[in-house]
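The chains referred to below are lettered A, B, ... by the order of the sequence lines, with proteins before strands, and numbering in each begins at 1. What you see is a predicted model, and the numbers here were worked out from it, not measured in a lab. Below, all heavy atoms of this structure are taken into account, side chains as well, without hydrogens, waters or symmetry copies.
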There are 2 protein chains.
Amino acid sequence: MTYTITDLSKMFNLPASTIRYYEKIGLLENVEHQGSYRRIFNDSHVDRLNAVECFKKALLPLDEIKLFFTYEKDMEKNSEKILEMMKNQEVKTLESMEALQAGLTHLQKKIRFYTLVSEAVKNKTPMPRWEDVN
Amino acid sequence: MTYTITDLSKMFNLPASTIRYYEKIGLLENVEHQGSYRRIFNDSHVDRLNAVECFKKALLPLDEIKLFFTYEKDMEKNSEKILEMMKNQEVKTLESMEALQAGLTHLQKKIRFYTLVSEAVKNKTPMPRWEDVN
DNA sequence: TGTTGAGTTAAAGTTAACTTCAAGTTGTAT
DNA sequence: ATACAACTTGAAGTTAACTTTAACTCAACA
């Protein structure tokens, strides 16, 4: 199967400029350029973009993602390096999750508190204290 | 209690330049400047920085954090606005959590796969297939 | 008195990941 | 033939959240 840049743009909900950018920095390789005319992508590029999106969700930076793909070309030789990279990122991702969870908890506490404040204002009852939501 | 910039720097594990920056953009208010000499912070600044760090963990941008503090000055009047802001951010934070969780799952699948690859290389046994880790 | 160390300023620089721009090219529809 | 839409390029611009730089100022200590 072949795809235009607009096909991929719609498939991945990414602006065409981003897809061009990914090619430019080497995340997408061997893209056919019909003369100096249009790009033609194939299923390998779809797979790549899928992988890129997954790694992006894990907060892996683009240059690391690129490095992963170069390692992956000789995975027998590079499996240890890949493993190290993935495990390092796992730690970072878990740390981000913890921070995010803490942030969410804080947010939800604020929501509980200001819900009480809103009610107190509406009903002209006494203001809540911050301790009330602990 | 009063604090120097280095005290806060150590307390919050933030570079002094970041604390100055926070003052500059209005996240820290009413900081005493002993002549054109040193900053003197107090417990209200410690509270502020604690709140800032919590909101940062929830991925709230600094300008929104600042807005929150201005709303908070008249919380009876602004409780609805604060509530809206916090609820919006809660949605975004939850979305980030989901993406992060998906990313982590992807990462851990790669880890399982390349662990098998490493073992296969070491033991000179056949390479695993990607389906083996599903 | 001179040096040191902690702090000050405004302004410029950094980073990642895009995004926008201006000018040009190509295939197709009228 | 001409207009149009979709695509191309390299280069410059954008954003948030800092960080760095260079030149300066105190207070305290030897």
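- In this structure, A:Val91 stands alone, with no Ile, Leu, Val, Met, Phe, Trp or Tyr side-chain heavy atom under 4.5 Å from its own, directly or through other members.
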Just the atom pairs and distances: protein N or O near nucleotides 11-13 of chain D's N or O, under 3.5 Å.
none

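- For the side-chain hydrogen bond (donor to acceptor under 3.5 Å, both in side chains) test, residues two or more places apart in sequence or in another chain that qualify with A:Asp7 are A:Thr4.
- Taking OH of A:Tyr3 as the reference point, atom CD1 of A:Ile40 lies at 13.5 Å (rounded to 0.5 Å).
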For residues 8-20 of chain A, which side-chain donor-acceptor pairs fall under 3.5 Å, sequence neighbours excluded?
residue: A:Ser9; atom: OG; partner: A:Leu14; partner atom: O; Å: 2.6

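- At least one side-chain heavy atom of A:Leu104 sits under 4.5 Å from a side-chain heavy atom of B:Met97.
- Note: CD (A:Glu23) to P (C:dC18) measures 15 Å, nearest angstrom.
- For B:Phe113, the ring pair (Phe, Tyr, Trp, His ring centres under 6.0 Å) partners two or more places apart in sequence, or in a different chain, are B:Trp130.
- A:Thr115 meets the side chain to side chain contact (heavy atoms under 4.5 Å, CB included) test with A:Ile111, A:Glu119, B:Leu83; sequence neighbours excluded.
- Interface residues of residues 47-65 of chain B facing DNA chain D, ordered by number: B:Lys56, B:Pro61, B:Leu62; criterion, heavy-atom separation under 4.0 Å.
- Taking atom CG of residue B:Leu27 and atom C1' of nucleotide D:dA16, one finds them 13 Å apart after rounding to whole Å.
- The nearest whole Å value for the distance from the CZ atom in B:Arg38 to the C1' atom in C:dA6 is 5 Å.
- Put simply, B:Tyr22 has no side-chain N or O that comes within less than 4.0 Å of OP1 or OP2 on D:dA17.
- Applying the ring-ring contact (aromatic ring centres under 6.0 Å, His included) test to pairs two or more places apart or on separate chains, none has a residue in residues 71-94 of chain A.
- For A:Lys124, there are no side-chain hydrogen bond (donor to acceptor under 3.5 Å, both in side chains) partners two or more places apart in sequence or in a different chain.
- Phosphate proximity of C:dT9 to B:Arg39: present, with a side-chain N or O under 4.0 Å from OP1 or OP2.
- Phosphate contact (OP1/OP2 of D:dT9, side-chain N/O of A:His33, threshold under 4.0 Å): present.
- For the pair B:Phe41 CZ and C:dG7 P, the computed distance is 10 Å after rounding to whole Å.
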Side-chain donor/acceptor pairs under 3.5 Å, residues 50-62 of chain A, sequence neighbours excluded:
residue: A:Glu53; atom: OE2; partner: A:Lys56; partner atom: NZ; Å: 3.1
residue: A:Lys56; atom: NZ; partner: A:Tyr22; partner atom: OH; Å: 2.7

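- The salt bridge (charged side-chain N to carboxylate O under 4.0 Å, His left out) test applied to B:Glu32 returns no partner, not counting sequence neighbours.
- Between B:Glu32 atom CD and C:dT8 atom P there is a gap of 13 Å when expressed in whole angstrom units.
- Proximity of residues 3-21 of chain B to DNA chain C (heavy atom under 4.0 angstrom from any strand atom) is restricted to B:Thr4, B:Ile5, B:Thr6, B:Arg20.
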